[in-house]
Amino acid sequence: MAFDNHPSGRFSAAAFGVLGLNIFVVVWGALVRASGSGAGCGDHWPLCNGVVVPQAPAIQTIIEFTHRVTSGLALAAAVALCIWCFRAFPPKSQVRLAAVLSTAFLFAEALLGAGLVLLRYVGANASAGRAAYLSAHLTNTLLLLASLAATGWLARKPGLPARWRGVPVLLRIAGVAIILVSATGAIAALGDTLFPAQSLASGWKQDFSAASNFLLRLRVFHPVLAIAAGIFLGIVTLRIVRRERITRHARNFGVAVLLLVALQLWAGAMNLGMLAPVWMQLVHLLLADLLWIALVLFCLELAQSTELPAKRQGRPAAPPPEKISGKRTSVPAHQ
């Protein structure tokens with residue numbers, strides 16, 4: 001029987017489908033912010049301008065209302081996925097934990113989205129509260145995407161639990177660095193939206209002027225951190241791909257991480273040089289989400305691998321899980 005026709009395969013495909021829907025919701029949410037459509041439904045939530053379905057809406061209302069509808073669909077899909085998971089997988093399964101976390105983060109995402117409207121952290125609001133709120137919102141988004149990716153990936157190998165000791169410490173540090181870069185990116189994007197620069201030179205002057213809004217003065221930290229984190233992640237990933245005995249799938253994800261790091265640095269440079277047009281901001285965010293998901297799947301594959309490094313005496317290492325036939329066997333501890 002083909003894996004795609006197996007119940008675990010169908011569940012995994014559904015989980016990645018929900019992940020794709022949430023990526024769309026995240027990118028569309030960036031369009032809401034970049035187009036100034038956050039107040040498109042006024043300060044009403046969950047209603048839009050006091051009604052369920054707006055009549056003769058303006059373009060900002062359409063953008064905001066579309067975001068609310070797709071967010072609701074994503075939440076319903078996550079709840080349905082969680083119920084399915086509890087029916088398909090046994091207790092204490094890591095798939096169950098990932099599905100529960102996905103649902104929890106999606107509920108948090110909905111509440112954070114409502115808070116943006118109710119606290120009026122939309123439109124031309126340039127307060128420190130909005131900057132902190134957006135950073136927290138984006139951090140929750142990354143945790144949501146990671147949980148959904150884990151739900152789909154763990155379901156493909158439900159009998160092989162993830163052992164997080166298999167993920168190098170430096171790779172974990174790189175993951176935390178990516179979250180910090182994303183948080184500063186939310187602040188930089190808000191500054192680009194509220195205080196657009198007329199030229200690259202004038203933008204740099206704004207960033208270093210004591211008279212500028214704090215969003216502009218913080219904006220300069222994002223590219224610096226992004227370059228440092230990208231180089232660090234690239235070096236760590238390349239070292240693992242080249243020197244560690246890892247599975248073929250792990251190596252493929254490592255290569256994907258390297259390619260997406262390069263693309264993301266390019267997109268960041270283009271975004272800066274083009275003075276952050278809306279479409280480029282969306283591309284930049286999409287690549288950031290894909291990089292994060294590739295990194296999560298890379299870590300998951302390393303965590304699920306039971307392969308150990310070859311001994312110094314030259315004895316071969318144990319074969320990767322994908323090459324073991326029959327029931328899973330235990331690997332003796334490295335002496």
Side-chain angles (χ1 to χ4, degrees), residues 7-8 10-30 32-33 45-46 67-119 121 129 132-158 161-164 167 172 175-176 178-180 182-183 185-186 285 288-300 303-304:
S8 294
R10 293 195 294 271
F11 178 86
S12 177
F16 281 114
V18 176
L19 174 62
L21 174 59
N22 277 273
I23 292 174
F24 173 82
V25 172
V26 171
V27 175
W28 193 270
V32 173
R33 187 261 313 151
W45 192 92
H67 182 56
R68 293 190 183 189
V69 170
T70 54
S71 297
L73 291 174
L75 180 58
V79 171
L81 188 72
C82 190
I83 295 173
W84 183 4
C85 180
F86 271 74
R87 294 174 63 88
F89 296 92
K92 298 184 179 180
S93 168
Q94 291 185 342
V95 186
R96 281 191 176 191
L97 175 60
V100 169
L101 288 175
S102 299
T103 306
F105 285 129
L106 248 175
F107 271 106
E109 195 82 346
L111 292 175
L112 287 168
L116 283 173
V117 176
L118 298 177
L119 295 173
Y121 285 157
Y133 200 96
L134 286 177
S135 296
H137 198 352
L138 187 54
T139 300
N140 186 81
T141 297
L142 293 180
L143 296 176
L144 164 63
L145 297 180
S147 299
L148 285 170
T151 302
W153 187 252
L154 291 171
R156 301 183 75 87
K157 303 177 182 179
R163 298 177 175 85
W164 296 106
V167 181
R172 302 184 201 183
V176 174
I178 294 300
I179 293 177
L180 293 176
S182 299
L285 177 61
D289 289 341
L290 294 178
L291 170 59
W292 172 249
I293 292 169
L295 177 59
V296 169
L297 294 177
F298 183 40
C299 291
L300 279 168
Q304 283 192 306

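The backbone N or O of H67 lies less than 3.5 Å from a partner atom in the side chain of S71, making a donor-acceptor pair.
The distance from the CH2 atom of W153 to the CG atom of L297 is 6.5 Å, given to the nearest 0.5 Å. Taken from CG in L295 to CZ in R172, the straight-line distance is 12.5 Å, to the nearest 0.5 Å. Atom-to-atom distance recorded for T70:OG1 and N22:CG is 9.0 Å, nearest 0.5 angstrom. A distance of 9.0 Å separates CG of N140 from OG of S147, quoted to the nearest 0.5 Å.
For A98, the side chain to side chain contact (heavy atoms under 4.5 Å, CB included) test picks out A150, T151, L154, with sequence neighbours left out. For A288, the side chain to side chain contact (heavy atoms under 4.5 Å, CB included) partners two or more places apart in sequence, or in a different chain, are Q264. The salt bridge (charged side-chain N to carboxylate O under 4.0 Å, His left out) test applied to R68 returns E64, not counting sequence neighbours. Under the rule for a side chain to side chain contact (heavy atoms under 4.5 Å, CB included), the partners of I179 that lie at least two apart in sequence or sit in another chain are T139, L142, W292. The side chain to side chain contact (heavy atoms under 4.5 Å, CB included) test applied to I83 returns V79, R87, not counting sequence neighbours. Listed by chain and residue number, Y121 satisfy the ring-ring contact (aromatic ring centres under 6.0 Å, His included) test with Y133 (two or more places apart in sequence, or in another chain).
Using a 4.5 Å heavy-atom cutoff, the side chains of T141 and F105 are not in contact. Proximity of F16 to L148: side-chain heavy atoms (C-beta onward) are nowhere separated by under 4.5 Å.
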